[in-house]
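Structure, as structure tokens:
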Amino acid sequence: MSSVATAQSAPPPLVALTEDEVLFRDTVRQFAQETVQPHVREMDEKGVFEPSLIRQFFELGLMGIEVPEQYGGGSGSFFEAILAVEELSAVDASAGVIVDVQNTLVNNALMRWTTEDQKKRYLPRMCSDTVGAYALSEAGSGSDAFALQCRAELKGEEYVLNGQKLWITNGKEAGVFILMATVDPSAGYKGITAFIVEKAFPGFTVGKKEDKLGIRASSTCELILEDCRVPKANVLGEIGKGYKIAIETLNEGRIGIGAQMIGLARGAWGHAVKYAQERKQFGKTIAEFQGIQFQIAQMATEIEAARMLLYNCARMKDAGMNFVKEAAMTKLYCSQVAERVASLCVEIYGGYGFTKDYPVEKYFRDSKIGKIYEGTSNMQLATIAKLVMGK
Ligand SMILES: Cc1cc2nc3c(=O)[nH]c(=O)nc-3n(C[C@H](O)[C@H](O)[C@H](O)COP(=O)(O)OP(=O)(O)OC[C@H]3O[C@@H](n4cnc5c(N)ncnc54)[C@H](O)[C@@H]3O)c2cc1C
């Protein structure tokens, strides 16, 4: 019997989107180009994200894509969340990461690990007006995340949290934080517990905002917990299972960072192609030189290959398959492609690419973060090595 699938029974190609997905993607693309784009330069210069855009993210349903309709969300797929992050990041990677953290980290954790009471209390807010943040890292614990020091002690009906978190994306805008602290430092990673912390809780302060190389409009903040009182009812999942929540949400989050990086690469590439067709040297457009054509072709090929990894991984997640290895590969490779592509796009612009009057230098600066957050490239390689070597 032939093992070759017939045209009718063949699975769709990885890049094939459903009609609904195309409609969704095109809507976000148009919004990004028409509404986000005009703010990009000023937001980057000021290091502040335009609040009216965040309101529009909520209105468009971009802040609760997968959340079931009964809690006010769009009942969409993880794949749609990935499309949204890609489209926004093609215009502005800061816009992309705000929507990414909300959907792939915060909402995912809230949908997966909460009680029904917590779902009812938090999910409608996440879909309508509340930005979320995900607080794991500390000054002394980054790659070694489970060395965290933030302490939670049960006192009556409340946990009292003390410590500091660092590098928290959306820190300035967020109203709700998924925050990891240990209830028992002697238990090592088995003491780590996840809490739903609200900005308004007593003892909670947002500290210094980082002044960054890239994704400057995305706020990255320190959080300070000084006898911060969190009701027992706000423990997320089981006591001592915060490490599992952290690992599993970050596995999904990594796919989102892949989407951010692919959007960014595509955005930079699009600008460079247009510029190459306009800029004239030696009496012709630089796009007529084979040297430039080959660079454009190479970048297009790498973006396409990275997108295949990304889309396949997102489809695996929606299909309920194990995607840990593929998520690490996606983040690793998409961030490498984004950095290479954005760098080459600066070169295609020549001297102009090195100035802030043209868009590509920002894409280059923004690309750098892809190799750092949600696990550095070395940590992705460590995960991949462990899984491919069967350890
Ligand atoms: C803009 C930005 C936004 C962020 N947003 C968030 C957020 O929302 N929430 C959050 O919790 N965190 C966030 N982070 C933190 C981020 O996840 C960490 O910075 C990252 O995990 C790396 O940790 P680190 O900075 O402490 O570097 P380190 O862990 O100190 O790593 C330094 C270097 O050593 C390497 N290294 C470390 N250990 C090993 C090893 N075992 N083998 C090989 N190499 C190794 C790393 O790859 C890296 O190159 C953010 C960071 C930034 C910069």
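Whatever order the structure lists ligands and atoms in, that order sets their numbers, starting from 1. Note that the structure is a prediction, hence the values are computed from the model and not measured.
Taking a cut-off of under 4.0 Å to the non-hydrogen atoms of Lys212, the atoms of ligand 1 that pass are 1 (C). When each atom of ligand 1 is checked for a heavy atom of Ser143 under 4.0 Å away, the hits are 23 (O), 28 (P), 29 (O), 31 (O), 37 (C), 38 (N). Every atom of ligand 1 with a heavy atom of Glu374 under 4.0 Å away is listed here by number and element: 17 (O). Listed by number with element, the atoms of ligand 1 under 4.0 Å from a non-hydrogen atom of Ile168 are 7 (C), 8 (O), 9 (N), 10 (C), 11 (O). In summary, the atoms of ligand 1 found under 4.0 Å from a heavy atom of Tyr134, numbered by their order in the structure, are 7 (C), 8 (O), 9 (N), 10 (C), 11 (O).
With sequence neighbours excluded, the residues forming a side-chain hydrogen bond (donor to acceptor under 3.5 Å, both in side chains) with Asp44 are Arg365, listed by chain and number.
The proximity of Ile369 to ligand 1, defined as any non-hydrogen pair under 4.0 Å, is limited to the side chain. Proximity of Thr169 to ligand 1, defined as any heavy-atom pair under 4.0 Å, is shared by backbone and side chain alike.
Between His39 and Phe49, the distance separating the two ring centers is not shorter than 6.0 angstrom. A distance of 6.0 Å or more separates the ring centres of Tyr134 and Phe177.
Backbone and side-chain nitrogen or oxygen atoms of Trp167 are examined, and one is located within less than 3.5 angstrom of a nitrogen or oxygen of ligand 1. Distances between N or O atoms of Leu136 and those of ligand 1 include at least one value under 3.5 Å.
The backbone N or O of Ile215 sits less than 3.5 Å from a side-chain atom of Lys212, completing a donor-acceptor pair. Side-chain atoms of Gln102 never come within 3.5 Å of backbone atoms of Val131 as a donor-acceptor pair (strictly under, hydrogens ignored).
Checking Thr104 against Asn108 by side-chain atom types alone, no donor-acceptor pair falls below 3.5 Å.
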